[in-house]
Enquirer: 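Here's a structure for you.
Note that the coordinates shown come from a computational prediction; the quantities given were computed from them, not determined experimentally. Computed over heavy atoms, backbone and side chain alike; hydrogens, waters and symmetry mates excluded.
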Amino acid sequence: SEEYLNLKRLIPSIAANKRARFLVGDQDQLAHSQDAQQVAQLFQDGQCYTVPGMQHGTSAFGPNFWQHIHFFIHTQLADWC
């Protein structure tokens, strides 16, 4: 059977009135980008960003996860502090 992170299973333990941001790769085998998009919609202020070519923590081409997360934190989460 295919093993992956079921993001939908995590939602009941998280209040839907919170802000949530997801950064996933379109080639991620663990956290599927389609699931992340659906889960983001369950939050009052939820958004999902899908990076072409990015896998789970690695990259098939272009910048890897760690390069993306630096930009993502500064542009999407800077006002959360």
Enquirer: Does the side chain of Arg21 come within less than 4.5 Å of Asp45's, by heavy atoms?
Expert: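 With C-beta onward as the side chain, the pair touches.
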Enquirer: Hey, what do you get for CD (Gln44) to NZ (Lys18), rounding to the nearest 0.5 Å?
Expert: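 Gln44 atom CD to Lys18 atom NZ measures 11.5 Å (nearest 0.5 Å).
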Enquirer: State the CG-CD distance between Leu23 and Gln47, to the nearest 0.5 angstrom.
Expert: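 Going from the CG atom of Leu23 to the CD atom of Gln47 covers 12.5 Å.
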Enquirer: If you look at every heavy atom in Ser33 and Asp26, which pair is closest and at what distance?
Expert: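 Heavy-atom minimum between the residues: OG-CA, 4.2 Å.
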Enquirer: Are side-chain heavy atoms of Val24 and Gln37 found at a separation under 4.5 Å?
Expert: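 Sidechains of Gln37 and Val24: no contact.
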Enquirer: Side chains of Cys48 and Val39: does their closest heavy-atom pair fall under 4.5 Å?
Expert: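 Not touching, per the 4.5 Å side-chain cut-off.
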